[in-house]
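Written below as structure tokens is the structure these notes are about.
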Amino acid sequence: MRPLSMVDLKSQHLKIKNELDAAMAEVMETTAFIKGPQVAKFEADLATYLGCKYVTGCANGTDALQIALMALNLPKGSEIITPDFTFVATAEVVRLLGFTPVIVDVDADTFNILPSSIEEAITENTKAIIPVHLFGQCADMDAIMAIAKKHNLFVIEDTAQAIGADCFYQGKKVKAGTVGHIGCTSFFPSKNLGCAGDGGAMFTNDEELHKQIHSIANHGMGKHYHYDYIGVNSRLDTLQAAVLGVKLPHLDEYNAARRNAADKYDTAFAGIASLQTPKRATNSTHIFHQYTLKVLDGRRDGLGDYLNNNKIPNKVYYPVAVHESRAYKTACRFEESRLLNTINLCKEVISLPMHTELDDEQIEFITTTVKQYFN
Ligand SMILES: *Cc1c(COP(=O)(O)O)cnc(C)c1O
């Protein structure tokens, strides 16, 4: 059997090695390392793929969230609502910019931010919501946009884990990240669309927001050496854009391969009482950035140990809620009694190997071992 790993980039890259090598060699030859033509080309290609007007590349997904927030020009004291069960980047950038992260609960089955918990947390200082489309499927954008309209809030979508997923919004099929005011994504190597290092992007249909985003990512520059905004240095490297230009045409096929592996896991695990396979939301397709099981009856850590003993990679995303992290306990606003789903999920979830190169033999070994544990 081929060795198991959580993510198998090597096998994925070998299949497109010639294209990747040629694209990178071209950048080396032209030495246009910053703002080379591959960057604008990739931004245009991604905009076409997403069906949105403007895309700006940047240095990573966390910067994308920060730049998006900067472009909103929010007043001091603004509160921004983000989920408790997620990667830290959303709360991090809110706090870094001096705003207050307001941490709310997620749905116990889809793991995505709960619209009802958003409504409960709104005050007169609330200015924006940052839903995270966790593990590969979209949060309930119909409900979230309705709340945002009612309370006049901005919505920044964190689509780092759901790039290419279809979102069903107002009865139409659109791409994840294109419904809110700004969408943000990451091209961290292990993401569904990953580059060969760090990278990220922001997307919007709003021309004014786009102008600011584009400028802020490059020191807030307008005309050369004329500064219109306080900005940051966060550009997408030409080499990364070249790699992404090769991989973007494969994104749908990559996402389908992940879904196919998830289908096989689902089938194998059906009927195990202590295991809950990932619920697929009706408002989104699922592109399985992670395949995350809920293990009931306190058996999660036991399963993790059993998999480790059998050399099957596994990981807990996320073992600690944002509000429970040392740095965020005092830096956020939250009510712990309203975060019970997240608190339970941190004890119940476990993720199995999920990538584009899983073969039947590997899946068979993984699923058989999991079933053995429960027998
Ligand atoms: C990966 C990730 C980010 C951050 O992306 P980086 O490129 O690593 O900065 C933000 N949000 C979520 C949900 C992520 O998974």
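When a ligand or atom number is given, it counts from 1 through the structure's own listing order.
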Inset, instruction - Apply side chain to side chain contact (heavy atoms under 4.5 Å, CB included) to D21 and list each qualifying residue two or more places apart in sequence or on a separate chain. - result: K17, M24
Inset, instruction - Check side chain to side chain contact (heavy atoms under 4.5 Å, CB included) between S116 and all other residues, then give those that pass, not counting sequence neighbours. - result: L114
Inset, instruction - List the steps, then state whether side chain to side chain contact (heavy atoms under 4.5 Å, CB included) holds for N192 with Q161. - result: CA-CA 7 Å; N192 290 39; Q161 300 189 3; over 6 Å; no
Please state which part of [X] comes within less than 4.0 Å of ligand 1, counting heavy atoms only: side chain, backbone, both or neither.
{"X": "V132", "result": "side chain"}
{"X": "H289", "result": "neither"}
{"X": "T62", "result": "both"}

Inset, instruction - Identify, by atom number and element, the atoms of ligand 1 in contact range of A89, meaning under 4.0 Å from any of its heavy atoms. - result: 10 (C)
Inset, instruction - Number the atoms of ligand 1 from 1 as they appear, then name those within less than 4.0 Å of a heavy atom of N60, with their elements. - result: 7 (O), 9 (O)
Inset, instruction - Specify the protein heavy atom at minimum distance from atom 2 (C) of ligand 1: its residue, its atom name, and the distance to 0.1 Å. - result: K191 NZ, 2.6 Å
Legend entry - Protein heavy atom at shortest distance from atom 15 (O) of ligand 1: Q161 NE2, 2.8 Å
Legend entry - Pair D266 + R280: basic N to acidic O under 4.0 Å: yes
Legend entry - Electrostatic pair D263:R259 at N-O distance under 4.0 angstrom: no
Legend entry - Distance-only N or O hit between ligand 1 and D158, under 3.5 Å: yes
Legend entry - Within-cut-off N or O pair, F188 and ligand 1, under 3.5 Å: no
Legend entry - Hphob cluster co-occupancy, F154 + Y169, side-chain heavy atoms under 4.5 angstrom: no
Inset, instruction - Mind telling me whether F42 and F187 have parallel, tilted or perpendicular rings, with 30° and 60° as the class edges? - result: perpendicular
